[in-house]
Amino acid sequence: MPDEAPERRAEGAPVGRRVLLGTFAAGIAGLAAAPYLQRGWEGFLGAASQHDPTGLTGLLPDPGGFRYYSVVGSVPRKDDTDYELRIDGLVDRPRTYTLPELRALPQSRIVGDAVCTDGWRVDGTPFRGVRLADLLDAAGVRAEGAALRFTCFDGAYSESLTLQQARRPDVLVALTMQDKPITHAHGGPARLYVAPMYFYKSAKWLSGITVTDRVVPGYWEGYGYEVDGWLDGADRAA
Ligand SMILES: Nc1nc2c(c(=O)[nH]1)N[C@H]1C(S)=C(S)[C@@H](COP(=O)(O)O)O[C@H]1N2
Ligand SMILES: [Mo]
């Protein structure tokens, strides 16, 4: 038994170092995951669409130049029976909308560009849905409300806009894309479409809109993307 204490100490040091190194490693892995994840999908789908004659291209959700992005491996499917969009936070009338309820509201159609920071773009894409401004008016944003936080039923992605940005007429909770119901791969049944900004601002699988008193940076912003993701040439004052 006299050896017990020294042994413990001897064991304690390496374990402690392992834990510390493990923490560093996890941190570095977390930082590296973002670009690899993006490049991974893009590389895979890009290669499949260009070179693979075996039918892998069938996995592509869309032949029109879009790439499929998700920060998680699988996302539940939602439809008329179980989709819900919750609007809450600094509002007088928090509310949950079903898909038929969203469809029953006045719809706007915008033809805009989908521009990813990774270098692909699809110009002239029509999106149709409810103006975010209308949903905010219905909810009654309180005086302290200054920004919006968007959350998604993939359980991971998030985005933000200032209240001023969110009230622009070219910002939609979109229900159709290319004049068809938004497919699951593209974030259906409802996604955000922020026409004047990079496509990462257009959160897919939208499930929550919370009015906050300040901007809470979204998922990619945590990896260094601009919080205000304006496209070159966007009319920022609109
Ligand atoms: N929930 C969620 N929304 C998201 C993303 C994501 O990974 N998860 N990726 C963003 C990025 S970087 C882009 S370019 C577009 C891609 O949309 P698409 O998959 O319909 O082409 O969705 C944006 N919205
Ligand atoms: Mo992107």
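Counting starts at 1 for both ligands and their atoms, following the listed order.
Side-chain atoms of Leu163 and Val141, non-hydrogen and from C-beta on, do get closer than 4.5 Å to each other. Inter-residue side-chain proximity for Leu172 and Ile110 is flagged as met; some heavy-atom pair is nearer than 4.5 Å.
Inclusion of His186 in the set of residues having an N or O under 3.5 Å from an N or O of ligand 1 is warranted. Considering backbone and side-chain atoms alike, Lys204 places an N or O below 3.5 Å from some N or O of ligand 1. Checked against a 3.5 angstrom limit, the closest N/O atoms of Asp154 and ligand 1 fall inside it.
When atom types are taken as modelled, the side chain of Ser202 and the backbone of Val194 share a donor-acceptor pair closer than 3.5 angstrom. Between the side chain of Gln107 and the backbone N or O of Leu105 there is at least one donor-acceptor pair closer than 3.5 Å.
At a heavy-atom distance under 4.0 Å, only backbone atoms of Ser202 (N, CA, C or O) approach ligand 1. The backbone and the side chain of Val71 each have at least one atom closer than 4.0 Å to an atom of ligand 1 (non-hydrogen atoms only). Looking at Cys152 against ligand 1, only its side chain comes within 4.0 Å, counting heavy atoms. Of the heavy atoms in Tyr157, only side-chain atoms (C-beta onward) come closer than 4.0 Å to ligand 1. At a heavy-atom distance under 4.0 Å, atoms from both the backbone and the side chain of Tyr69 approach ligand 1. The backbone and the side chain of Tyr200 each have at least one atom closer than 4.0 Å to an atom of ligand 1 (non-hydrogen atoms only). Only side-chain heavy atoms of Trp120 come within less than 4.0 Å of ligand 1; its backbone N, CA, C and O stay farther off. Residue contacts with ligand 1 for Arg67 involve N, CA, C or O but no side-chain atom from C-beta outward (heavy atoms, distance under 4.0 Å).
Comment: Asp179 engages Arg109 in a salt bridge, judged by a side-chain N to carboxylate O separation of less than 4.0 angstrom. The residues Arg167 and Asp137 are annotated as salt-bridged, a charged nitrogen and a carboxylate oxygen being separated by less than 4.0 angstrom.
For the pair Lys204 and Tyr69, the cation does not sit on the ring face, since its NZ or CZ is not both under 6.0 Å from the ring centre and inside 45° of the axis.
At least one heavy atom of Ser70 lies less than 4.0 angstrom from ligand 1.
Between the side chains of Thr212 and Arg149, not a single donor N or O lies within less than 3.5 Å of an accepting N or O.
When each atom of ligand 1 is checked for a heavy atom of Tyr68 under 4.0 Å away, the hits are 19 (O).
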